Colleague: 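Sharing a structure below in structure tokens format, with a few things to ask.
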Amino acid sequence: MTADPGLPKDQQRWRAARDIECNSSSAAAALVYGYDASGPEFWRTAEGHPLADYLSTGWRAPRKAWLVRGSNVSGHNLVRQLWLQDGLVSLPAAHLPPLEETDPTKSTLRRFVEDGYEGAASYSQKRGLVDELHAFLTQMRIGDTVATISDGRLHIGQLTGDAVQASSPDGLSNLRRTVAWFTKSHAYEELPEELQQKLSVQHDVVDLTGVLDALDALTGLADLVAPGAADSAGERPPTPRELTLPDITEDLAAELLVHDRGWLDEMRELLIDERQLVLYGPPGTGKTYLAMKLAEYLGGGPEQVKIVQFHPSYAYEDFFEGFRPVEDPETREVAFRLTAGPLRELADLASRDGNRHIPHFLIIDEINRANLAKVFGELYFLLEYRTKSVRLTYSGDDFALPPNLFVIGTMNTADRSIALVDAAMRRRFAFVELSPSTEPTAGLLARWLKREGKDLEPARLLDALNARVDDAGFAIGPSYLMKPGVYRDGGLERTWRTKILPLLEEHHYGEGLDVAARYGLDALREQHP
């Protein structure tokens, strides 16, 4: 659309230059206003600052929660020495000029910080300071929950006053807000895991609204119905449920043909304790199938399960997030944009409100075929320390793995020996073997054949074959013989010749062994007629 230049400026109106089809009313409104819903964030100045920095604060949640650090301000523990005694929370802002605006924009604060902290702080420090000052001055409101940590304990209070500037010794607490602190404090190691994750973010001011319910539960505010918290019928909103994994049932064990239900119970317990496990064994032992079935059952359905397969060229940018070429559908121009990978997508889904009590599973097939240190990057740390967060490489976000995200990997020992897995990997995952000679794989083919009403000869032949294989890592699993084609005319011989014998030929490559004479059906039938 363009303005009509033939009219006086005060009479000019937009007129249509061409038709544009929009798939929604909001998309059409975005064209009229000149930017889409995320325009204030994506439009930037020549210096790279987003348009949102020049706009006043818009809508925010009625009540938010904040972490403000004060236990080590230039070596002083202000929490113990000042905050709890005087009922306040503060930021050091000695180089900040007197503020005339009660709600300064981020661009205004950036100008003050650039001028006042020139030579006193690095670029990164000044950028972080602008974000913290903006949150303290404009985002924090009376009635918000505020928390701080001192001497290994969490203190919680409620903001009761607006931000004021005050003189303070050594400029350690020039910017202040009054707080009504609760009497009871809480030991850090006893806090809920999701709360520990948020508290591990290394900034002086951190938005804790995502764990406001956990803070309210500690203070008792969760037992009170806040104004507007009841629905139209006057009932309280439902209390968020805790994260649990459903118990293993006999029906599940029967469906999976697992002879010992205790083995499935152990898998459930390992996932509860470790959050990550790897199923390893020779080909055909049902590792991927079992991982998918367990994940779907424990997660409540396939919607909570995402599957990826590792390979030698797989990288962090594929797995978590990275810049990828994206074509603009309107201009056909290609630009690199930060794009989420499967782990980031699943983590974001698992951490949404309403999803935090629902288990979500990531299945990594052939986990040992990629360079794991390259693929996981800093996420390797989070697999072991689930209560911590890290600063991400590309987006710069502070990220933690949600407590309800579980990882199941599969590893083919014939493809790459488990001995090649490094100690870091072993420390972060529980390893469970699936072998044709042990439960639950032992006898699986015979149980399947019996259920399907078929002759048990294939199970006897497979047992005889594996008894001749000298390396347990190259034993043949039953899934090769659990397909319909095996039981058509000539199907068993065809499967044996094209699927099983080639694996054993590779195992004995260069030895000069007659594989067919040792492992062929005729030889096995002679031994076990």
Side-chain angles (χ1 to χ4, degrees), residues 256-259 278-293 309-312 363 365-369 409-420 432-529:
L256 298 179
L257 292 173
V258 175
H259 180 67
V278 169
L279 302 176
Y280 71 94
T285 47
K287 301 179 290 296
T288 303
Y289 175 82
L290 187 58
M292 290 190 297
K293 287 296 184 181
Q309 187 176 65
F310 281 4
H311 50 78
I363 297 176
D365 200 29
E366 305 286 0
I367 192 172
N368 57 326
R369 295 191 67 205
T410 69
M411 181 182 295
N412 189 340
T413 52
D415 176 68
R416 186 176 177 184
S417 173
I418 192 173
L420 298 179
V432 178
E433 183 180 14
L434 289 181
S435 168
S437 61
T438 60
E439 285 291 343
T441 312
L444 177 63
L445 181 57
R447 293 193 292 273
W448 181 82
L449 290 169
K450 186 175 180 180
R451 188 180 72 179
E452 298 296 315
K454 300 181 184 299
D455 186 82
L456 297 181
E457 184 198 27
R460 294 193 295 269
L461 292 172
L462 185 65
D463 289 341
L465 169 71
N466 285 328
R468 295 189 176 192
V469 176
D470 54 2
D471 186 344
F474 283 85
I476 304 300
S479 66
Y480 286 101
L481 303 178
M482 296 172 68
K483 299 177 180 180
V486 178
Y487 301 94
R488 293 197 292 266
D489 290 342
L492 179 61
E493 288 75 10
R494 185 167 51 251
T495 299
W496 211 272
R497 185 180 69 255
T498 61
K499 294 283 189 179
I500 294 176
L501 292 183
L503 285 173
L504 296 170
E505 286 175 355
E506 181 181 355
H507 173 49
H508 291 288
Y509 179 76
E511 297 180 9
L513 177 71
D514 188 340
V515 172
R518 180 178 176 84
Y519 300 112
L521 285 177
D522 292 339
L524 296 174
R525 282 170 172 154
E526 288 178 5
Q527 180 182 353
H528 298 275

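No hydrogens, no waters, no symmetry mates; every other heavy atom, side chains included, goes into these values. For clarity, every value in this text was computed on a predicted model and none was experimentally measured.
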Colleague: Within the side chain of R518, is there an N or O that forms a donor-acceptor pair under 3.5 Å with the backbone of L465?
Modeller: no
Colleague: Could you tell me whether a side-chain N or O of R369 sits under 3.5 Å from a main-chain N or O of P312, the two making a donor and an acceptor?
Modeller: no
Colleague: What heavy-atom pair brings P282 and A475 nearest, and what distance separates the two atoms?
Modeller: CB-O, 3.0 Å
Colleague: Do the side chain of T413 and the main chain of G281 share a donor and acceptor less than 3.5 angstrom apart?
Modeller: yes
Colleague: Does the side chain of H259 come within less than 4.5 Å of P440's, by heavy atoms?
Modeller: no
Colleague: Within the 4.5 Å heavy-atom criterion, are P478 and L462 side-chain neighbours or not?
Modeller: yes
Colleague: Evaluate the side-chain contact (heavy atoms from CB on, under 4.5 Å) criterion for residues N368 and F310: first the C-alpha distance (whole Å), next the side-chain angles of each, then the deciding distance (0.1 Å), finally the verdict.
Modeller: CA-CA 8 Å; N368 57 326; F310 281 4; over 6 Å; no
Colleague: Say you draw a straight line from CG of L456 to NZ of K450; how long is it, rounded to the nearest 0.5 Å?
Modeller: 8.0 Å
Colleague: Report yes if the side chains of T410 and V278 come closer than 4.5 Å at any heavy-atom pair, otherwise no.
Modeller: no
Colleague: Any side-chain heavy atom of L504 sitting closer than 4.5 Å to one from V469?
Modeller: yes
Colleague: Does the side chain of P458 reach to within under 4.5 Å of the side chain of V486, using non-hydrogen atoms?
Modeller: no
Colleague: Drop me the distance from E493's CD to D522's CG, to the nearest 0.5 angstrom.
Modeller: 8.5 Å
Colleague: Rounded to the nearest 0.5 Å, how far apart are OG1 of T441 and CG of L290?
Modeller: 8.0 Å
Colleague: Does a salt bridge link R497 with E505, judged by any charged N lying under 4.0 Å from a carboxylate O?
Modeller: no
Colleague: Only pairs at least two apart or in different chains count here, so list each side chain to side chain donor-acceptor pair (under 3.5 Å) that has a residue in residues 474-492.
Modeller: none
Colleague: Can you name the closest pair of heavy atoms from L503 and P283 and give their distance?
Modeller: CD1-CG, 4.1 Å
Colleague: Within the structure provided, determine whether W496 and L501 are in side-chain contact (heavy-atom separation under 4.5 Å).
Modeller: yes
Colleague: Test side-chain contact (heavy atoms from CB on, under 4.5 Å) on L521 and E457; report intermediate values, then the result.
Modeller: CA-CA 11 Å; L521 285 177; E457 184 198 27; over 6 Å; no
Colleague: In Å and rounded to the nearest 0.5 Å, what is the CE to CG distance from M482 to L445?
Modeller: 6.5 Å
Colleague: Taking the side chain from K287 and the backbone from E433, do they hold a donor-acceptor pair closer than 3.5 Å?
Modeller: no
Colleague: State, to 0.1 Å, how close I476 and P436 come at their nearest heavy-atom pair, and which atoms those are.
Modeller: O-CG, 3.6 Å
Colleague: Verify side-chain contact (heavy atoms from CB on, under 4.5 Å) between W448 and K454, making sure each step is shown before the conclusion.
Modeller: CA-CA 9 Å; W448 181 82; K454 300 181 184 299; 4.2 Å; yes
Colleague: Write out all pairs satisfying side chain to side chain donor-acceptor pair (under 3.5 Å) with one or both partners inside residues 462-471, taking only residues at least two apart or from two chains.
Modeller: R468-Q527, D470-H507
Colleague: Is there a side-chain contact between L279 and M411 in this structure, where contact means two heavy atoms from C-beta onward sitting under 4.5 Å apart?
Modeller: no
Colleague: Is there a side-chain contact between L513 and Y519 (heavy atoms, below 4.5 Å)?
Modeller: yes
Colleague: Does the T495 side chain pair with the main chain of L492, one donor and one acceptor, at a distance under 3.5 Å?
Modeller: no
